[in-house]
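The structure appears below as structure tokens.
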Amino acid sequence: MLSAELAQRVVDQVRPVVAHNVNIMDHRGIIIASADPTRLGTSHDGAIAALESRDIVRIERDREQAKAGVNVPLVVDGDAVGVVGVTGKPSSVEPLARVVVLTVTLLLRQEQQLNDSHWRESTLKDLLNALISEPRIGEARVGSVLSDVGRPSQPPWSLLAAFDTAGSDAPSGRLRASIAGLDHVVGIERSGVTWFLIGRAGAGVRDVVLDRLQSRRATVVAGRRSATTQELAIDARRLDIVTRAVHFGDGEVHDIARFDLEILLGQQADELSIDSAYRSLEPLSGTLRHTAAVVLDHDLSVVASATALHAHRNTVVQRLNRIQSLTGLDLRRFDDAVTMRIALTAESVAAHHDSA
């Protein structure tokens with residue numbers, strides 16, 4: 001549809017460089033854009049004739065409802081959507097009218113592509129939201145949406161969530177552009193995370209997508225390699241929780257299975273996570289909290305933890321004893337280590353929610 005806004009924008013652009021008045025009429029022959037505001041909303045006989053004939057109408061002399069000039073129909077995809085009229089001697093102004101018609105046609109096509117792009121993005125985002133929120137979404141629905149947006153595919157599926165580590169200066173859509181030329185994959189922007197839904201995941205497409213994302217130093221959280229539609233919906237919900245509960249930025253690929261604890265804690269109210277963290281961590285200094293996290297990350301090994309902390313083994317032992325004295329938790333015991341891991345994870349999840 002030819003809008004008055006677009007038409008007037010074209011008229012305003014050509015007015016400073018041409019000596020003739022340019023009018024643009026809609027599909028009814030009504031003037032919707034003109035260098036002469038008094039003519040807006042009036043009927044144009046030449047435009048009506050051009051719409052009816054689908055051909056140029058040349059007017060040699062002024063009439064009551066049309067001035068001398070040419071009227072060239074705007075035909076887009078077989079439909080006459082408007083008319084460009086230029087006043088003046090027809091033989092002189094016809095080349096100008098054709099240029100204006102070409103300009104308007106290109107702008108209309110560009111606008112249509114933009115509208116189509118927005119529709120595709122909105123449709124894919126709706127699909128992702130449905131996967132996250134609807135536990136029994138059907139395979140037929142997923143396939144139908146992908147076909148509608150021109151990206152048909154089929155199971156097995158794989159779902160990735162990617163974070164751009166290039167910072168705020170990175171161009172918008174940088175990660176999504178990485179899948180250019182690939183079939184069976186769509187990119188979806190959602191809340192600062194770029195999601196990739198991959199079909200026929202067993203055919204190697206997933207590995208190609210991961211390689212391209214890693215070449216852009218993206219941090220990726222990956223769902224299972226080969227999923228049914230039901231498993232795809234589960235991965236979507238799990239990835240949604242993780243992307244909201246954990247801070248990522250190391251440029252690595254992480255398997256969603258590593259974040260079961262974060263997923264469990266991410267589903268509970270923040271006040272419960274804060275309480276879990278407070279009861280175990282409140283007595284500890286920042287140094288002791290960091291020491292606890294390092295010991296847990298190194299399988300409770302004092303020697304490996306000392307190396308990671310650049311500290312003497314005895315220093316780590318003294319800190320562990322201090323932690324036990326303040327909290328009652330001996331991190332060299334499995335059950336106590338689990339309690340500390342839950343507390344540290346709960347603190348991280350709650351902090352990430354606060355900053356989101």
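In what follows, every heavy atom counts, from backbone to side chain, and hydrogens, waters and symmetry copies are set aside.
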Between [X] (side chain) and [Y] (backbone), is there a donor-acceptor pair under 3.5 Å?
X	Y	answer
Ser3	Leu6	yes
Arg151	Val185	yes
His298	Val294	yes
Asp240	Ala236	no
Arg212	Ser178	yes
Glu60	Ala68	no
Thr42	Arg39	yes
Asp255	Arg258	no
Thr327	Ile323	yes
Asp164	Ala166	yes

Roughly how far, to the nearest 0.5 Å, is [atom2] of [Y] from [atom1] of [X]?
X	Y	atom1	atom2	result
Leu74	Asp79	CG	CG	12.0 Å
Leu300	Leu320	CG	CG	9.0 Å
Asn71	His44	CG	NE2	4.5 Å
Arg333	Thr339	CZ	OG1	9.0 Å
Gln8	Ile32	CD	CD1	9.0 Å
Ile179	Leu213	CD1	CG	9.0 Å

Hey, are [X] and [Y] close enough for a salt bridge, meaning a charged N less than 4.0 Å from a carboxylate O?
X	Y	result
Glu121	Lys125	no
Arg217	Asp250	no
Arg120	Asp148	no
Asp12	Arg9	no
Arg238	Glu262	no

* To do: Before giving the answer on side-chain contact (heavy atoms from CB on, under 4.5 Å), spell out for Thr165 and Phe248 the whole-Å C-alpha distance, their side-chain angles and the decisive distance to 0.1 Å.
  => CA-CA 9 Å; Thr165 58; Phe248 294 97; over 6 Å; no

* Does the pair Thr38 and Asp36 meet the rule for a side-chain hydrogen bond (donor to acceptor under 3.5 Å, both in side chains), with working shown? -> CA-CA 5 Å; Thr38 63; Asp36 179 2; 2.7 Å; yes

Are [Y] and [X] connected in a single hydrophobic cluster, I mean Ile/Leu/Val/Met/Phe/Trp/Tyr linked by side-chain heavy atoms less than 4.5 Å apart?
X	Y	result
Leu2	Val75	no
Val17	Leu96	yes
Val18	Ile59	no
Leu264	Met340	no
Val93	Val104	yes

* To do: For Leu329 and Gln324, run side-chain contact (heavy atoms from CB on, under 4.5 Å): C-alpha distance rounded to whole Å, both residues' side-chain angles, the deciding distance at 0.1 Å, then the answer.
  => CA-CA 5 Å; Leu329 299 176; Gln324 182 178 5; over 6 Å; no

Is the number of heavy atoms from other residues, nucleotides or ligands within 6.0 Å of [atom1] ([X]) greater than 12?
X	atom1	result
Glu282	CD	yes
Arg332	CZ	yes
Arg322	CZ	no
Arg237	CZ	yes

Using distance alone, with no hydrogens and no angle criterion, decide if [X] and [Y] have a side-chain donor and acceptor under 3.5 Å apart.
X	Y	value
Asn21	Thr87	no
Thr194	Arg176	no
Arg190	Asn129	yes
Trp157	Thr229	yes

* Minimum side-chain heavy-atom gap Ile31-Ile24 below 4.5 Å ->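 No, every pair of side-chain atoms sits at 4.5 Å or beyond.
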
* For Leu51 against Gly82, the heavy-atom pair lying closest together ->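 Scanning both residues, the minimum pair turns out to be CD2-O, 3.9 Å.
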
* Asked: What are the two closest heavy atoms between Gly223 and Ile256, and how far apart are they?
  ->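 Looks like CA-CG2, 3.9 Å.
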
* Could you check Thr315 against His312 for side-chain contact (heavy atoms from CB on, under 4.5 Å), going step by step and ending with a plain yes or no? => CA-CA 5 Å; Thr315 301; His312 193 276; 3.8 Å; yes

* Asked: Of the options Leu146, Asp183, Val142, Val205, which is the one that meets Ser153 in a side-chain contact (heavy atoms from CB on, under 4.5 Å)?
  ->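 Among the candidates, only Leu146 passes.
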
* Asked: Name the one of Leu210, Val193, Leu197, Leu175 that satisfies side-chain contact (heavy atoms from CB on, under 4.5 Å) with Leu160?
  ->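 One option only clears the test, and that one is Leu210.
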
* Asked: Once the angle between the rings of His254 and Phe259 is folded into 0 to 90°, is it parallel (under 30°), tilted (30 to 60°) or perpendicular (over 60°)?
  ->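 The arrangement is perpendicular - the two ring planes meet at more than 60°.
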
* Leu131 and Asp235: CA distance, side-chain angles, deciding distance, side-chain contact (heavy atoms from CB on, under 4.5 Å) verdict -> CA-CA 9 Å; Leu131 285 168; Asp235 279 357; over 6 Å; no

